[in-house]
Amino acid sequence: MTTEDYLNTLNAAQLRAVMHSPDIPLQILAGPGSGKTKVLTCRIAHLISKHSISPQSICAVTFTNKAANEMRERLTKLIGIEQTNQIKLGTFHAICSMFLRKYAKLVGLDSNFTICDADESKNIIKKLLKTYRDELEAHNIVLAEATVISRISKAKAKGVTSDGLRRREKKGISRGEGRTADGSLIEQSFASIIDDVVAEIHVDYAAILRRNNSLDFDDLVLFGKQLFAEHPTVSRWCRHILVDEFQDTNTTQYELMRHIAATSRCVTIVGDPDQSIYGWRSAEVENLARMKRDLPNTQQLFLEQNYRSTASIISCSLAIVSQDKSRTPKTLHTTHPTGPTPVLRSLPYEQNESAFLASEIKRLVAYSGGMLSWGDFVILLRYNSLSRSIESALQKEGIPNRVLNGHKFFERLEVKDILAYLQLLDNPLYVPAFMRAINVPSRGIGEKSVSELLATAQRLGLSPIEVVEKIFDNTIPDIKPAVKRKLTSFVPHIRRSRTSMQKRTRPSDLIRDLLQLLNYEGYLMKTQPDWESRWDNVQELINFASQVEMGTPMLFDSDQPEDDPSEGEEWNSLAEFDQDQLEDDGIVEAQRPRQAKGKEKQTEERYERHILVSASADCSAIRDTPLRLFLQASMLSTGTEVQGNENDTEKVTISTCHAAKGLEWPIVMIPAVEKGTFPSARAEDVHEERRLLYVACTRAKALLYLTHSTARMMSGEVRPKELSEFVITALQNSQTVFTDQIPCLSASDREVLAQVLNRSSPSDAEVARKIAEYNRTTTNPWDGSAVPSSTPWFSSTYNKSAVSSSVEGSCNFLTARAASSVLQDSLKAPTTATTLFSTRGRVLNVPSNTALLQLPTAGAETASKQRKLKQSSLQQTHLHANLSSHRVPVTVYSDPKPDVVSETPQSSVCATPSTGALSAIPVVPVNAAKGKRRLGMGRTTVGYPNKKFKAPLGGGGQ
DNA sequence: GGGCCATTTAAAAGA
DNA sequence: TAAATGGCCC
């Protein structure tokens, strides 16, 4: 398809945006579903073909990898792969990272810096915070590390560097002194104590990162900004910069954008103030106005034509977002038919709510006559932990589902273990990697020895890895808890891998080799109950490495200096400038003296060029080792997008509202539309919460459901919940934006669906057949409960999530309700399989149809113990009652007795005081028949598992 | 050093 | 409710 053909598919507003003069800064305000990506890609194509701007001088910035990839795909179709790959296209972080590798020296970094992920920076800050604990306690201040992290992150988003903070540290007044007896001032001084502590931790944290030759995510942008600000020549290649989701930029990102555009001043941004939902991480909608001030000739264009949703979904969404009176008025039109009115339902309890959604999904699939399938549904949550009851409801109905962005691939322990070794090879100064690698697999080098090693390293001015090698070689004396012998399974491995790395071995082979050396699979088997899925993840990491090796499009071809080709010769000749010489002269490290500003422009540019070239050109071979490219890709890719799992398209998606931005589904369901959730109880900006609901609603193409429970389990107790005021207000303004009637999916409804989704309508016969089948196989989800009982304990559907997580391999406490259900199930499918448990060193042989309940010690001194005791005896009573009503034989054992259980032929309930703490229930029979993973016969954790047991990457649904 | 238990605490969003 | 922490013991 040529650019011209593409232009023909644009509407008038889109066309204006695409054709807009490149020299006049442009703001495209684009509502949801208005085709902004189309406009953006088309504009890029237009810049290249009609304005002869070369692709490598175009910079396109997105917020997510997903958006970047989508743009890349569309551009490839439009202008071909070759030109697309020349465009500097990526997230803010990726673009900064690439330039920082290239010009590291200019901002005082080494190009092998490691990107410090959130986990590691949390660890660092946690340690720093500990040193202030006593002091804070003395002032009666509680300072959570999350607070510190977010404050530091916010400071960085606003462009505050640790250098700026260091000055205030010198004030030298001891904290808390400025306080007077006046009560109102006390709080003030609390705040200032916290400010000081945060500032000090910030400074220390930054120093640690520098020592580790490491940057965290915020640093990438911050240092990127610094690079472009201090060295304008670095951005000379840029003729046009385009920024997507501009309403989400923070101050630092905005300034970065301005610096990249410093020469050309050609900027196109796309954004929508109504979809600004990231204020909490310092996004500034204000940047729209700021841009207009900074670039006074900026023009605005509106895209208000929506191509996604039915008219009724649009009006419902507008009814929500327009409640904000301070908002810039903006509207949405659609040519789509009205369609079924969005559903609003209240249900008594979260289980009912989940069950309603699950059964509704089933019904819609049937009543649409097969036009809809699982993959067409998304359930959008305010926050992830709401997914539990949803997941179990879907599971119970046998609906396949996946959690979008549930647990991040690169944050998994097994993946991080391997990455740690590789990071250590690439950057020996990166202490977090050292700390992890040194004792994985376990070598008996614990916290104590590690801190000893680190201290030695500091004392000798060596990297920890050098210290360890020297100890191994007898070049320096061993440390106190002798460690040399333990290093035989570490130093040789490191050396072997390092040699391999220096030969530029492919990272995937490097990993394979490492796995072998470490016998990592064996280690996982020994230590992880769910080692199989973890091993799968390791394999997935190898796949990812292979993908990177095969040349996923990099931001730029590393060796070419980006500048006007006519100047190429000069660049190349300058490339011979001796790097070491520059360093010796202190030029590379030194900050450019300010006085040169304004005058001696030419000299300055020449100077800049010297250092640019010397900082980059000569070392590109080292800079972009295969390993480094792989590590960078790992650290910058989030989520699970690595895997491109095809059968994901056949699953119902569960996602947060935030993660859903930019995406769309035929049917959207939003549970928990309640006060305290929408808006979230801890949200600072109610308007932002409203916009979040708006974003969620506007993801829907054809059908929209909002539900609400009148009671919900929160923080371990059931609390009453009220409908969200956003919805109440919308209803007050217009009764008709919602209905409590579920759509009947009549022939005309199906017609609308077919039209909006651009699918063909099924025949009436087909629909009738599907409905008949549905009626035959489906029972009412809560009437058909497996546990009929009048007691509140058993009134709702039983807790299948507890069951399934047990099957996954962990052992959990079960509620009485779940336990009785499990027991009944296992009686239906009796089994003789037994499971071994260890408690206090004893091994118990327990038939798998045995429930073990924990009871607290009878003494019960503390209030919490007493509560638990009461609850437990209540549970026991109910369990008893329920099981006897089903004529399930019950035997109750107490403490030392459980050994006997293996002899018991039928189901039993084991109750035990917590001193003997039996705390697990084996439930093999429930799902074992389906051939899924079964509870291991080997070592089993008793008690709360303190490791996470999440579904393996790519679903692995039961 | 690491396993195990009891007690405490926290509970949002992402690159 | 379940994850994290802290103390105790081997």
Side-chain angles (χ1 to χ4, degrees), chain A residues 62-68 90-97 115-118 121 126 142 144-146 150 153 157 216-221 248 250 253 277-283 381-386 388-389 405 408 410-411 439 442-450 481 486 527 635-639 655-661 676-685 688-689 692 695 713-718 799 801-802 805 810 812-815 838-841 854 856-857 861-865 868 871 914-919 939 941-949:
Chain A
T62 63
F63 267 81
T64 62
N65 294 307
K66 199 185 285 157
T91 62
F92 274 111
H93 297 88
I95 286 176
C96 285
S97 180
I115 297 168
C116 178
D117 65 42
S121 48
K126 194 188 273 176
V142 181
E145 73 197 49
S150 112
S153 176
D216 68 17
F217 288 119
D218 299 318
D219 284 339
L220 286 175
V221 183
D248 291 337
N250 63 36
Q253 286 160 337
I277 53 174
Y278 284 108
W280 54 273
R281 56 176 213 213
S282 310
L381 311 169
R382 179 61 185 82
Y383 44 89
N384 266 323
S385 55
L386 289 169
R388 203 167 311 132
S389 78
N405 280 344
K408 316 248 181 64
F410 288 99
E411 282 171 17
N439 209 25
S442 168
R443 302 188 173 91
I445 303 176
E447 223 177 304
K448 201 77 189 259
S449 311
V450 169
K486 301 170 177 170
T527 55
M635 299 314 286
L636 290 179
S637 46
T638 56
S655 164
T656 61
C657 297
H658 282 89
K661 188 156 88 152
T677 310
F678 285 98
S680 160
R682 29 181 56 214
E684 285 170 18
D685 183 351
E688 181 161 309
E689 296 289 303
L692 183 59
V695 168
M713 170 90 76
M714 306 201 73
S715 322
E717 51 182 304
V718 177
N799 183 350
S801 73
S805 69
S810 68
N812 287 318
F813 291 103
L814 288 190
T815 60
S838 70
T839 75
R840 274 281 163 84
Q854 185 195 38
T857 326
E861 307 82 15
T862 68
S864 96
K865 261 191 186 173
K868 269 196 184 146
Q871 200 180 333
S914 65
T915 45
L918 279 174
S919 46
R939 207 177 134 284
T941 322
V942 174
Y944 284 125
N946 50 4
K947 280 161 193 121
K948 289 179 185 175
F949 292 95

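Chain A is the first sequence line, chain B the second, and so forth, proteins listed ahead of strands; every chain is numbered from 1. All values below come from the heavy atoms of this structure, side chains included, with hydrogens, waters and symmetry mates left out.
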Using a cut-off of strictly less than 4.0 Å, decide whether A:Thr656 has a side-chain nitrogen or oxygen near OP1 or OP2 of B:dA12.
no
Straight-line distance of A:Met635 CE to A:His93 NE2, nearest 0.5 Å:
12.0 Å
Quick check: on DNA chain B, is the nucleotide nearest A:Arg281 upstream (toward 5') of the one nearest A:Val450, or the reverse? Name the residue that is more 5'.
A:Val450
How long is the line joining CG of A:Leu692 and P of B:dG14, in whole Å?
10 Å
Report the distance from atom CG of A:Asn439 to atom P of B:dG2, rounded to the nearest whole Å.
5 Å
Students often get this wrong, so: under 4.0 angstrom with heavy atoms, is A:Glu689 touching a base, only sugar-phosphate, or nothing?
base
Minimum heavy-atom distance A:Arg443-A:Lys486, with the two atoms named
O-CD, 3.3 Å
Specify the residue among A:His658 and A:Gly444 whose closest nucleotide of DNA chain B lies further upstream toward the 5′ end.
A:Gly444
Specify the separation, in whole Å, of atom CD of A:Glu145 and atom P of C:dA4.
11 Å
Winner on side-chain proximity to A:Ser385, out of B:dA12, B:dA13, B:dA15, is B:dA12
Which part of the nucleic acid, if any, lies within reach of A:Asp216 when heavy atoms closer than 4.0 Å are counted: base, sugar-phosphate only, or nothing?
nothing
Tell me whether the OP1 or OP2 atom of B:dG1 has a side-chain N or O from A:Ser449 closer than 4.0 Å.
yes
Does this structure show an ion pair linking A:Lys661 with A:Asp248, if we count only N-O contacts that are shorter than 4.0 Å?
yes
Over 60° means perpendicular and under 30° means parallel, so classify the ring planes of A:His658 and A:Tyr278, tilted if in between.
tilted
Can you find a side chain N or O atom of A:Lys126 that sits less than 4.0 Å from OP1 or OP2 on C:dT5?
yes
Taking atom types as modelled and ignoring hydrogens, do the side chains of A:Asp216 and A:Ser121 form a donor-acceptor contact shorter than 3.5 angstrom?
no
Among B:dA15, B:dG14, B:dA12, the one nearest any side-chain atom of A:Tyr278 is B:dG14
From CG of A:Asn65 across to C1' of B:dA15 the rounded distance in Å is 8 Å
Any donor-acceptor pair, under 3.5 Å, between the side chain of A:Arg382 and the base of B:dA12, if you only look at N and O atoms?
yes
Whole angstrom value for the distance that separates P of B:dA15 from CG of A:Leu220:
14 Å
Just how far is it from atom CZ of A:Phe92 to atom CG of A:Leu220, taken to the nearest 0.5 Å?
12.5 Å
Distance between the C1' atoms of C:dT5 and B:dA12, in whole angstroms?
23 Å
What do you reckon, do A:Trp280 and the base of B:dA13 stack, with centroid distance below 5.5 Å and planes below 30°?
yes
Let me know the distance between NZ of A:Lys661 and P of B:dA15, rounded to the nearest Å.
11 Å
For atom CG of A:Asp685 and atom P of B:dA13, their distance in whole Å:
17 Å
Using a 4.0 Å heavy-atom cut-off, does A:Phe63 contact any base of the nucleic acid, only the sugar-phosphate backbone, or nothing at all?
sugar-phosphate
Quick check for you: among B:dA15, B:dG14, B:dA13, whose closest atom lies nearest to any side-chain atom of A:Thr91?
B:dA15
When the distance from CG of A:Leu386 to C1' of C:dT1 is rounded to whole Å, what number comes out?
14 Å
